[in-house]
Amino acid sequence: MTVILQSNAALPRIPSLLLLALLTMPAMGSDKKPAAPRVDVQASLCGSPEQTIEALRLKSTGAPSDVWLFDDASLSLFNKGLRIRLRPNKKGAELTLKAADQDCAQLAPGVLPAGEGKCEYDAHGERIAGALSLSRTVSAAQAAQLAGGHAPVADALSEAQVRYLQSVPGVWPLPVGLRALGPTRVSSYAAKPYVVDISELPGGERFIEISRKGPLTQAAQMRSRMNADLTAAGVTVCTDQSAQAVNKLKSLLKP
């Protein structure tokens, strides 16, 4: 609240303590607490999709969607902790830049403009790391151009996405050999509190990931409960959790 002081003659007779309180009163809403950090506890599963659906009593959450990733033959973006993804939404498609290993509590000013993304934590096994996601919506026609390789991805990125890529050494301009990889047919299922995505690649390979979200402070408890639920259901968790993402990309690179 701002108080404008006038000359003594025009100044209303306000008790000194009240005047001091008015002058030092914080702006309305300035004491609003920031949202508590969230975590997405994830696990890659190595059983068959059919067995997983039955064992966890999963229910489909909608029609499958075709998702595209963008990288070059050397996986230059992935090796720098980056991923560019295109997936359909109600307005066309969502083009997302995701950056791993971020400190969500210490992002530089301007990195995450309001309404353009999020920063939350991902938990794979015992490892928890922040992940920055910057997204923008493109039209269905523009998405088709990107997926078909008829339009450069760099031209479709938002200003915030470009700024972030420019801040990563050796990334901008984007690799010359960058291309669309996919489509990956993603089918989503749920059984509260879990979400399960089953991804089928063009070559027939299938990958399964289970996840649940909650407060960062409860990550260990959620992981423990997830492991117990999967064991009770007889669902196999992949031994090497870190290899599943790169294995998927390598499979997408196959001619």
Side-chain angles (χ1 to χ4, degrees), residues 34-49 51-53 55-58 61 67 69 71 75-85 87 96-108 111-112 117-135 164 168 171 184 186-199 201 205-252:
R38 305 276 293 174
V39 65
D40 192 10
V41 178
Q42 307 163 356
S44 297
L45 307 180
C46 281
S48 73
Q51 186 268 340
T52 302
I53 292 171
L56 296 177
R57 299 179 181 178
L58 299 175
T61 58
V67 177
L69 299 176
D71 215 324
L75 298 181
S76 299
L77 296 184
F78 177 81
N79 291 332
K80 290 184 177 293
L82 301 171
R83 184 174 63 178
I84 297 178
R85 180 189 65 204
R87 66 181 179 187
T96 298
L97 168 66
K98 189 166 184 176
D101 297 321
Q102 304 294 302
D103 185 349
C104 294
Q106 299 294 330
L107 292 178
V111 168
L112 182 56
K118 61 182 179 180
C119 192
E120 64 180 16
Y121 293 87
D122 289 341
H124 258 111
E126 300 302 318
R127 186 173 186 273
I128 299 178
L132 171 68
S133 294
L134 294 169
S135 300
Y164 186 84
V168 181
V171 170
T184 297
V186 179
S187 301
S188 297
Y189 299 83
K192 288 185 178 182
Y194 303 112
V195 172
V196 175
D197 286 337
I198 299 176
S199 302
L201 278 53
E205 303 93 333
R206 294 189 291 182
F207 294 80
I208 312 171
E209 183 176 85
I210 186 172
S211 64
R212 67 169 295 187
K213 294 185 178 184
L216 178 61
T217 54
Q218 296 181 19
Q221 297 95 310
M222 289 191 294
R223 170 68 64 193
S224 178
R225 180 58 185 269
M226 176 185 287
N227 290 339
D229 289 343
L230 293 173
T231 298
V235 175
T236 303
V237 177
C238 300
T239 303
D240 189 353
Q241 291 288 307
S242 63
Q244 299 307 304
V246 70
N247 287 345
K248 184 186 297 185
L249 284 168
K250 288 179 177 178
S251 296
L252 287 170

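Interatomic distance, Arg206 CZ to Ser251 OG, rounded to the nearest 0.5 Å: 13.5 Å. Note that CD1 of Ile210 and CG of Leu58 are 7.0 Å apart. Values are rounded to the nearest 0.5 Å. The distance from atom CD1 of Ile53 to atom CD1 of Ile208, rounded to the nearest 0.5 Å, is 8.0 Å. Atom CD of Gln42 is separated from atom CG of Asp122 by 4.5 Å, given to the nearest 0.5 angstrom.
Evaluation of the salt bridge (Lys or Arg N to Asp or Glu O under 4.0 Å) test over residues 228-237, restricted to residues two or more places apart or in two chains, returns Arg225-Asp229.
The backbone N or O of Phe78 sits less than 3.5 Å from a side-chain atom of Asp71, completing a donor-acceptor pair. Listed for the Thr231 side chain is a donor-acceptor partner under 3.5 Å among the backbone atoms of Asn227. Put simply, the side chain of Gln241 gets close to the backbone of Ser44: a donor and an acceptor are under 3.5 Å apart.
Residue Arg223 places its CZ atom among more than 12 non-hydrogen atoms of other residues, nucleotides or ligands, all under 6.0 Å distant.
Considering only heavy atoms from C-beta on, Thr52 stays 4.5 Å or farther from Ile198 through its side chain. Using a 4.5 Å cut-off on side-chain heavy atoms (C-beta onward), Pro37 and Glu120 make no contact. Within the 4.5 Å cutoff, the side chain of Tyr164 has heavy atoms near those of the Leu82 side chain. When side chains are defined from C-beta on, Leu216 counts as touching Ile128, because their heavy atoms get closer than 4.5 Å. Within the 4.5 Å cutoff, the side chain of Leu45 has heavy atoms near those of the Leu230 side chain. Between Leu132 and Leu112, the closest side-chain pair of non-hydrogen atoms falls below 4.5 Å.
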Can you list the steps and then say if Val39 with Met222 is a side-chain contact (heavy atoms from CB on, under 4.5 Å)?
CA-CA 10 Å; Val39 65; Met222 289 191 294; 3.4 Å; yes
Criterion side-chain contact (heavy atoms from CB on, under 4.5 Å) on Glu209 and His124, from CA distance to verdict:
CA-CA 11 Å; Glu209 183 176 85; His124 258 111; 3.6 Å; yes
Verify side-chain contact (heavy atoms from CB on, under 4.5 Å) between Thr184 and Leu69, making sure each step is shown before the conclusion.
CA-CA 9 Å; Thr184 297; Leu69 299 176; 5.8 Å; no
Audit row: Tyr194, Leu56, side-chain contact (heavy atoms from CB on, under 4.5 Å) steps and yes/no:
CA-CA 9 Å; Tyr194 303 112; Leu56 296 177; over 6 Å; no
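For Ser242, the side-chain contact (heavy atoms from CB on, under 4.5 Å) criterion is met by Asp240, not counting sequence neighbours. Under the side-chain contact (heavy atoms from CB on, under 4.5 Å) criterion, Val195 pairs with Asp197, Ser211, sequence neighbours left out. Checked against side-chain hydrogen bond (donor to acceptor under 3.5 Å, both in side chains), Ser76 has the following partners two or more places apart in sequence or in another chain: Asp72. Applying the side-chain contact (heavy atoms from CB on, under 4.5 Å) criterion to Pro193, with sequence neighbours excluded, gives Arg212. For Cys104, the side-chain contact (heavy atoms from CB on, under 4.5 Å) test picks out Cys119, Tyr121, with sequence neighbours left out.
Salt bridge annotation for Arg127-Asp101: present, with a cationic side-chain nitrogen under 4.0 angstrom from a carboxylate oxygen.
Of all heavy-atom pairs between Ala131 and Lys98, the closest is CB-CE, 3.6 Å. Of all heavy-atom pairs spanning Gln51 and Ala233, the tightest one is NE2-O, 4.3 Å.
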